[in-house]
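If you're wondering where the values come from, they're calculated on a predicted model, not measured in any experiment. Chain naming here is simple, since letters A, B, ... match the order of the sequence lines and numbering starts at 1 in each. Atom set for the values below is all heavy atoms of this structure, side chains included, hydrogens, waters and symmetry mates excluded.
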There are 2 protein chains.
Amino acid sequence: MAVTRNTSKARKTREPLAPDPALGEGGDGGGHFNPHLPDVDYGVLDTLTGYAIRRAQIRIYEDFVRSLAAWQITPPRFSALQIIARNPGVRLTDLARILGIARSGAVMLFDALEAMQLVAREPSPTDRRAYALALTATGRQTLAAVTEAVCDHDARIGAQLSEAERQTLLRLLDKLAPGEPWQS
Amino acid sequence: MAVTRNTSKARKTREPLAPDPALGEGGDGGGHFNPHLPDVDYGVLDTLTGYAIRRAQIRIYEDFVRSLAAWQITPPRFSALQIIARNPGVRLTDLARILGIARSGAVMLFDALEAMQLVAREPSPTDRRAYALALTATGRQTLAAVTEAVCDHDARIGAQLSEAERQTLLRLLDKLAPGEPWQS
DNA sequence: TATTGTTATACTCTATAACTATA
DNA sequence: TATAGTTATAGAGTATAACAATA
């Protein structure tokens, strides 16, 4: 089937997905990731830029999901909400490209947010194939609160750094990930 | 079933998994992730430490997998090989804790490396329940070549940075991800 | 009773490919 | 012919829970 906007058939909404079972406190991998256990020789891993970033990313992801659990908001969902809020009328294809995921993934991500009443598909004024993605009123209110929680989380993870250090970190990370791929 | 080490029944070896279909050049998400498209308003995302790290991590992961495709080595596989090489006799439970994954995941990861003839289970001298994990002769040779390729990759992604900047980056990332979780 | 390795199962995420409607 | 959105399917990766052997 294709775009069912103008038919009476209700769209199949997807259930809001669980935030991330990887972080359940229950049993096995339940604890917190410790990036540097004592009595362990990490070898070359300790000298690699890539591993240092991976370590940080795991910890940040954990804290993000914990901090936003009450809203069922994960990092990709927050990114999508921000992009939609700041770029009104983006299409699903745009969203996919911006987030670096496949179009089908963008549809699933958006469907989850739609089931949470945070976003809606509006008709594109220029292309009858496409939708203009938008936040609902609820979505705008929720995003305001969520953004505050995300900024709190981000401040918490950066608390060990001075503001000057944090700016330096952002600048160096930006240089690390330029627009064009690195030369092979 | 439990530990079948001393029986004649052959263990079920797992096929080496494909490196990561997410990076296929074929169709949809096939291109390279561009962390900062023009004409897109990223809003608060541009100010978040967490998003900057996520951007960098995606790009680094892509380049890692591309660089190591010939060996079928992914970041988790490389980490596991390094840990086993530098900490002879670690058990599967140790490996899981070090890498921050569940024990069942460590088994699957190790099984994949075993199917590639890079590692082997040796009897633990002190605990008949456990194995002492070790590299095979092939594993040691392969790891030497793979480590060189990984270091080349890491140098490439850090090429935009001076060595002083790279050291600063590592130091700041280390401060960001300390041993203990951040205070809620 | 607790721990080690193992297996079964489930779920998330992501991709590829085919399809409909429209450009 | 190409593009937008959708769906189906498949795969990797991770988790939880139960189990046998051993501590």
Side-chain angles (χ1 to χ4, degrees), chain A residues 1-7 9 11-12 14-31 33 58 61 65 74-77 90-97 99-112 121 123-124 126-133, chain B residues 1-7 9 11-12 14-31 33 58 61-62 65 72 74-77 90-97 99-112 121 123-124 126-133:
Chain A
M1 284 133 268
V3 184
T4 54
R5 187 173 61 217
N6 293 325
T7 68
K9 192 204 287 187
R11 52 192 340 284
K12 196 195 308 177
R14 219 169 286 265
E15 283 303 307
L17 312 169
D20 198 305
L23 302 172
E25 299 293 329
D28 212 355
F33 171 60
I58 293 174
Y61 190 90
V65 174
T74 55
R77 288 179 184 179
V90 280
R91 298 164 304 151
L92 281 164
T93 302
D94 300 326
L95 188 62
R97 198 177 61 253
L99 299 180
I101 61 181
R103 277 175 304 159
S104 58
V107 170
M108 291 193 296
L109 182 54
F110 191 87
D111 282 355
R121 288 166 166 86
S124 164
T126 60
D127 187 339
R128 292 205 305 163
R129 293 171 302 182
Y131 292 114
L133 307 183
Chain B
M1 285 133 268
V3 184
T4 55
R5 186 172 64 218
N6 293 324
T7 67
K9 194 203 287 187
R11 25 190 12 274
K12 197 194 310 177
R14 220 169 287 265
E15 284 302 307
L17 312 168
D20 199 306
L23 302 171
E25 300 291 329
D28 211 357
F33 170 60
I58 293 174
Y61 190 90
E62 281 179 359
V65 173
Q72 300 257 99
T74 55
R77 288 179 183 180
V90 281
R91 298 165 304 151
L92 281 164
T93 301
D94 299 326
L95 187 63
R97 198 178 59 251
L99 300 180
I101 61 180
R103 278 176 303 158
S104 59
V107 170
M108 291 194 296
L109 182 54
F110 191 87
D111 282 355
R121 287 166 167 87
S124 164
T126 59
D127 188 337
R128 294 206 302 164
R129 293 172 302 182
Y131 293 113
L133 306 183

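- Residue B/L133 is the one, among A/T126 and B/L133, whose nearest nucleotide of DNA chain C lies closer to the 5' end (criterion: closest heavy atom).
- Atom CZ in B/F110 sits roughly 9 Å away from atom P in C/dT6 (whole-Å rounding).
- In this structure, the CG atom of A/L95 is 12 Å from the P atom of C/dT14, given to the nearest Å.
- To the nearest angstrom, C1' of C/dT22 lies 12 Å from OH of A/Y131.
- Under a 3.5 Å cut-off, the side chain of B/R121 and the backbone N or O of B/A132 do not form any donor-acceptor pair.
- Atom CG in A/L99 sits about 13 Å away from atom C1' in C/dT14, given to the nearest Å.
- Between the side chain of A/R128 and the base of C/dT22, no donor-acceptor pair under 3.5 Å is found.
- Side-chain nitrogen and oxygen atoms of A/T93 include at least one within less than 4.0 Å of the OP1 or OP2 phosphate oxygen of D/dG5.
- As rounded to whole Å, 14 Å separates atom P of C/dG5 from atom CG of B/L109.
- A/I101 has its CD1 atom 10 Å from the C1' atom of C/dC13, to the nearest Å.
- Put simply, CE on A/M108 is 11 Å from P on D/dT7, counting in whole angstrom units.
- For A/R129, the listed nucleotide lying nearest its side chain is C/dA23; candidates were C/dA23, D/dT6, C/dA15.
- Qualifying side-chain contact (heavy atoms from CB on, under 4.5 Å) partners for B/I58, counting only residues two or more places apart in sequence or in other chains: B/F33, B/R54, B/E62.
- Inter-residue side-chain proximity for B/Y61 and B/P75 is flagged as met; some heavy-atom pair is nearer than 4.5 Å.
- Contact between the side-chain N/O atoms of B/R121 and the OP1/OP2 oxygens of C/dT6 is found at a separation under 4.0 Å.
- You'll find a donor-acceptor pair under 3.5 Å spanning the side chain of B/S104 and the base of D/dT16, going by distance alone.
- Legend: residues meeting side-chain hydrogen bond (donor to acceptor under 3.5 Å, both in side chains) with B/R91, ordered by chain and number and at least two apart, are B/D94.
- Within 3.5 Å, a donor on the side chain of B/R103 pairs with an acceptor on the base of C/dG5, or the reverse.
- Here C/dA23 is the nucleotide among D/dT22, D/dT16, C/dA23 with the atom lying nearest to any side-chain atom of A/D127.
- Rounded to an integer number of Å, the gap from CG of A/D111 to C1' of D/dT7 is 11 Å.
- Put simply, the side chain of B/R91 and the base of C/dT4 share no donor and acceptor less than 3.5 Å apart.
- Nearest heavy atom pair, residue B/R77 against residue B/Q72, reads NH1-O, 2.6 Å.
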